[in-house]
Amino acid sequence: SRYSIYEKGGHFPSKSHELLLKAALFPRDEALTFFRKWLIKVNLENLNPEDPDFLSRFLDPLDPACHRLLPLLVDNLGIWNHSYLQKLKGHQKNVWVKNQRIFLSVKELINALNKFNVDHIIIKGISLSSLYYERIEHRPMNDGDILIPFSERSRVLSLIEDSKLGVDFIDSEKLMHDFFHASHLLGKGRMDIDLHWNVFSEYSHIINSSDFVWAKAREYQWGDVETK
């Protein structure tokens, strides 16, 4: 039968996701109870944390939503309150390193955009982890996202094509920009960056569809770079 996200709960958390969310967010005593319930729900309660393959055995069965919550979970529960958590602290450190590499790559692109007087806003994971989470590794990312004005789209794409911004296109996407709301780029260290000219994929070429974002944007000093 045809798969439907709506039959699976759509974009809402599943029962197992709810348990993990509570383990990551509730006060510690309650959170530990929910963590143990979640381990049983996902059949991970009987792993040996001293097994050299523990992390693979723990992480591989989990979906991306669960992976996103683990760094926050580790600090909410405390690494000494369950035998798994000391091992998961290493996973959290890996997330911190990846996020830092993404930040560095995006900051270099921002400096280049500033050089050419292109306005921009950091969105999604970068803004959330930098402004709203206690620690940046609490919000894992696969890439960094920047929004530019739709009016600057053609100029910025030309600058990238002319190697003026220090980033490269993914070859398979070069001919698809007229159909998308963003372009997937490779920045410093081959880290992934998504350059958006609209925030919604459904309205990729409706010029004013992101005006509500620009209207609320404010100046932001992100470390040593100026952005919004």
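Along the sequence shown, residues carry numbers from 1. Predicted, not measured: the structure shown is a model, and the values here were computed from it.
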First locate atom [atom1] of [X], then atom [atom2] of [Y], and finally report the distance between them rounded to the nearest 0.5 Å.
X	Y	atom1	atom2	answer
Leu85	Leu70	CG	CG	9.5 Å
Lys115	Leu165	NZ	CG	9.5 Å
Ile207	Asn198	CD1	CG	9.5 Å
Leu147	Asp194	CG	CG	12.0 Å
Leu113	Glu226	CG	CD	13.5 Å
Leu73	His138	CG	NE2	10.0 Å

Which atom names give the shortest non-hydrogen contact between [X] and [Y], and what distance separates them?
X	Y	value
Ala24	Leu69	CB-O, 4.4 Å
Leu77	Ala31	CD2-CB, 3.5 Å
Gly125	Met141	C-SD, 3.3 Å
Ile121	Val213	CD1-CG1, 3.9 Å
Lys107	Gly223	NZ-CA, 4.2 Å
Asn81	Arg36	O-NH2, 4.2 Å

Any donor-acceptor N/O pair, [X] side chain to [Y] backbone, under 3.5 Å:
X	Y	result
Ser158	Ser154	yes
Asn99	Ile136	yes
Asn111	Val225	no
Ser127	Lys124	yes
Asp162	Lys164	no

* Asked: Do you see a donor-acceptor pair shorter than 3.5 Å between the side chains of Thr227 and His120?
  -> yes

Next item on the list: Indicate whether the side chain of Gln92 and that of Lys89 have a donor and an acceptor atom separated by less than 3.5 Å.
Entry: yes

| request: Start with the C-alpha gap between Leu25 and Leu72, add the side-chain angles, then the distance that decides, and say whether side chain to side chain contact (heavy atoms under 4.5 Å, CB included) holds. | output: CA-CA 8 Å; Leu25 296 171; Leu72 184 61; 3.7 Å; yes

Let me have the donor-acceptor pairs involving side chains of residues 37-53, under 3.5 Å, with sequence neighbours excluded, atom names and distances please.
from	atom 1	to	atom 2	distance (Å)
Asn48	OD1	Glu50	N	2.9
Asp51	OD1	Asp53	N	2.9
Asp51	OD2	Arg57	NE	3.0

In the structure I gave you, are the side-chain heavy atoms of [X] and [Y] within less than 4.5 Å of one another anywhere?
X	Y	answer
Glu161	Phe169	yes
Tyr132	Arg139	no
Asn142	Asp192	no
Phe34	Glu18	no
Pro140	His67	no

Identify whether [X] and [Y] are in the same connected component of the hydrophobic contact network (ILVMFWY, side-chain heavy atoms under 4.5 Å).
X	Y	result
Leu104	Ile122	no
Val95	Leu131	no
Leu19	Leu88	yes

Is the number of heavy atoms from other residues, nucleotides or ligands within 6.0 Å of [atom1] ([X]) greater than 12?
X	atom1	value
Glu134	CD	no
Gln86	CD	yes
Trp222	CH2	yes

Self-check item: Mutual orientation of the aromatic rings belonging to Phe212 and Phe200 [parallel < 30°, tilted 30-60°, perpendicular > 60°]
Solution: parallel

Quiz item: After noting the C-alpha distance and the side-chain angles of Ser183 and Trp197, does the key distance pass the side chain to side chain contact (heavy atoms under 4.5 Å, CB included) rule?
Solution: CA-CA 9 Å; Ser183 179; Trp197 43 88; 3.9 Å; yes

I'd like to know whether Gln100 forms a side chain to side chain contact (heavy atoms under 4.5 Å, CB included) with Phe103, so could you lay out the CA-CA distance, the side-chain angles of the two residues, the decisive distance to 0.1 Å, and finally the verdict. CA-CA 5 Å; Gln100 290 285 10; Phe103 284 5; 4.2 Å; yes

Should Lys228 and Arg218 be marked as a side chain to side chain contact (heavy atoms under 4.5 Å, CB included) after you check the CA-CA gap, both sets of side-chain angles, and the distance that decides it?
-> CA-CA 5 Å; Lys228 291 180 179 177; Arg218 59 183 176 84; over 6 Å; no

